[in-house]
Amino acid sequence: MVRRRLVSGNWKMNLDHLQAIHLVQDLGLRLSDGDVVGLDVSVHPPFTDLRSVQSVVEERRIPVFLGAQDCSSEDAGAYTGEVSPVMLARLHVTYVIAGHSERRRLFGETDGVVAAKLRAIVRNGMTPICCVGETAEERDAGTARDRLVTQVSSAVSALVPEQVAGMAIAYEPVWAIGTGSAATPGDAQEACAWVREAVGEVAGAEAADGVRVLYGGSVTPDNTAELVGQPDVDGVLVGGASLEAPSFVGIVRAANGAR
Ligand code: PGA
């Protein structure tokens, strides 16, 4: 099966709505339909920017999907400060990140919380990008694979196999995020293959074949082609380098050329 590549830009807590409009307009000027002919591109602005970015993307027909960085596991109710997946879907959000390591580490999100969010995302017709990844200590101790298998198994168990086949899982080693030192293509391939194998164990071969496994952590225009050239790496989740149009477009083009 040929999996369609995915390049996702996670803006994290950067860019207010005016800055977000500028960035997405700039992306619109630089990205041609040819750049995205063989792959999907998503941008994940802060919640307060979503409506503005949605308007610009739809008005100017910019070839990117709208994404969110997180959402509530609940659709509605007395959950002060949470953001409803129903409301995200109403804004034409297509992709929602769940279980980013910053949410797990800084905000105490457990595998159980992440699983509930995955169900909420799928229930509302959107596509989850579930993040998994080991810490430097776990890698040094030789337990990286166990950590990934635990995270992936919990995530995948929350969904039925057809839903798993349609989702994305981002392998993001915690030690590579925002550090400028990405995993080597060989290490990324090895870990992404572990992820796919774990998906197969829980959800079966078809789900393992369909699920898109992304690499994330210090992705740049220069290291994208080699990462995405690995057989089990179906795209990239980009933080810092997604905050400026030239570097993000460079990554999109590198990912599209690497086939
Ligand atoms: P980075 O972030 O590209 O800035 O390392 C990646 C991520 O956290 O998704």
Taking all heavy atoms of Pro161 and all of Ala203, pick out the closest pair and write down the distance.
-> CB-O, 3.5 Å

Minimum-distance pair of heavy atoms, taken over all atoms of Pro63 and Ser32 = CG-O, 4.4 Å

Do Ile169 and Val156 pass the side chain to side chain contact (heavy atoms under 4.5 Å, CB included) test, and can you show the C-alpha distance, the side-chain angles, and the key distance before you say yes or no?
-> CA-CA 10 Å; Ile169 299 178; Val156 166; 4.3 Å; yes

State whether the side chain of Asn256 and the backbone N or O of Asp35 hold a donor-acceptor pair below 3.5 Å, judged by distance alone.
-> yes

Between the main-chain N or O of Arg105 and the side-chain N or O of Glu109, is there a donor-acceptor pair closer than 3.5 Å?
-> no

Should Arg104 and Asp111 count as an ion pair when the cut-off is N to O under 4.0 Å?
-> yes

For Glu58, look at atom CD and say whether over 12 heavy atoms of other residues, nucleotides or ligands are found less than 6.0 Å away.
-> yes

Ile21 reachable from Val41 in the ILVMFWY side-chain graph, under 4.5 Å edges = yes

Indicate yes or no for a side-chain donor-acceptor contact from Arg147 to the backbone of Gly133 under 3.5 Å, with no hydrogens or angles considered.
-> no

Minimum heavy-atom separation for Arg212 to Asp234, with atom names?
-> CA-OD2, 3.4 Å

Please test Asp75 against Arg123 for side chain to side chain contact (heavy atoms under 4.5 Å, CB included), starting from the C-alpha separation and ending with a verdict.
-> CA-CA 9 Å; Asp75 286 348; Arg123 178 169 76 234; 3.0 Å; yes

Taking atom CD of Gln189 and atom CD of Glu226, what is their separation to the nearest 0.5 Å?
-> 12.0 Å

Exercise: identify the closest heavy-atom pair between Leu88 and Cys71 = CD1-CB, 3.5 Å

Side chain of Gln19, backbone of Asp16: donor and acceptor closer than 3.5 Å?
-> yes

Residue pair Ser218 / Ser181, side-chain donor-acceptor N/O under 3.5 Å = no

Between Pro221 and Ile251, the two heavy atoms sitting closest are N-CG1, 3.5 Å

Are the side chain of Thr143 and the backbone of Glu138 linked by a donor-acceptor contact shorter than 3.5 Å?
-> yes

Can you check side chain to side chain contact (heavy atoms under 4.5 Å, CB included) on Leu27 and Val249, steps first, answer last?
-> CA-CA 7 Å; Leu27 287 177; Val249 170; 3.8 Å; yes

Nearest 0.5 Å please: distance from the CD atom of Gln54 over to the CG atom of Leu91.
-> 5.0 Å

Is there a chain of hydrophobic side chains (I, L, V, M, F, W, Y, each step under 4.5 Å between heavy atoms) that links Val149 to Tyr171?
-> no

Who pairs with Ala170 by side-chain contact (heavy atoms from CB on, under 4.5 Å), at least two apart in sequence or on another chain?
-> Ile129, Cys131, Glu172, Leu214, Leu237

Residue pairs passing the ring-ring contact (aromatic ring centres under 6.0 Å, His included) test with at least one member in residues 50-106, sequence neighbours excluded, are Phe65-Tyr95

Under 3.5 Å donor-acceptor, His44 side chain and Ala68 backbone = yes

May I ask whether Val113 and Val174 are part of the same hydrophobic cluster, defined by side-chain heavy atoms of I, L, V, M, F, W, Y residues being less than 4.5 angstrom apart, directly or through others?
-> no

Partner residues of Arg30 under the salt bridge (charged side-chain N to carboxylate O under 4.0 Å, His left out) criterion, sequence neighbours left out | Asp26

Counting distance only, does the side-chain N/O of Ser154 pair as donor-acceptor with the main-chain N or O of Thr150 below 3.5 Å?
-> no

Candidate pair Glu190 and Asp232, rule side chain to side chain contact (heavy atoms under 4.5 Å, CB included), full reasoning = CA-CA 8 Å; Glu190 182 180 50; Asp232 283 297; over 6 Å; no

Residue Glu82 excluded, over 12 heavy atoms near CD under 6.0 Å | yes

May I ask you to decide if Ala176's main-chain N or O and Thr179's side chain share a donor-acceptor pair within less than 3.5 Å?
-> yes

Looking only at non-hydrogen atoms, find the nearest pair between Ala165 and Glu206 and report the distance.
-> CB-O, 4.3 Å

Under 4.5 Å between side-chain heavy atoms, hopping through other hydrophobics if needed: is there a path connecting Leu6 to Val195?
-> no

Keeping the roles fixed (side chain from Arg3, backbone from Gly210), state whether a donor-acceptor pair exists under 3.5 Å.
-> no

Do Glu137 and Trp175 pass the side chain to side chain donor-acceptor pair (under 3.5 Å) test, and can you show the C-alpha distance, the side-chain angles, and the key distance before you say yes or no?
-> CA-CA 9 Å; Glu137 293 72 40; Trp175 46 269; over 6 Å; no

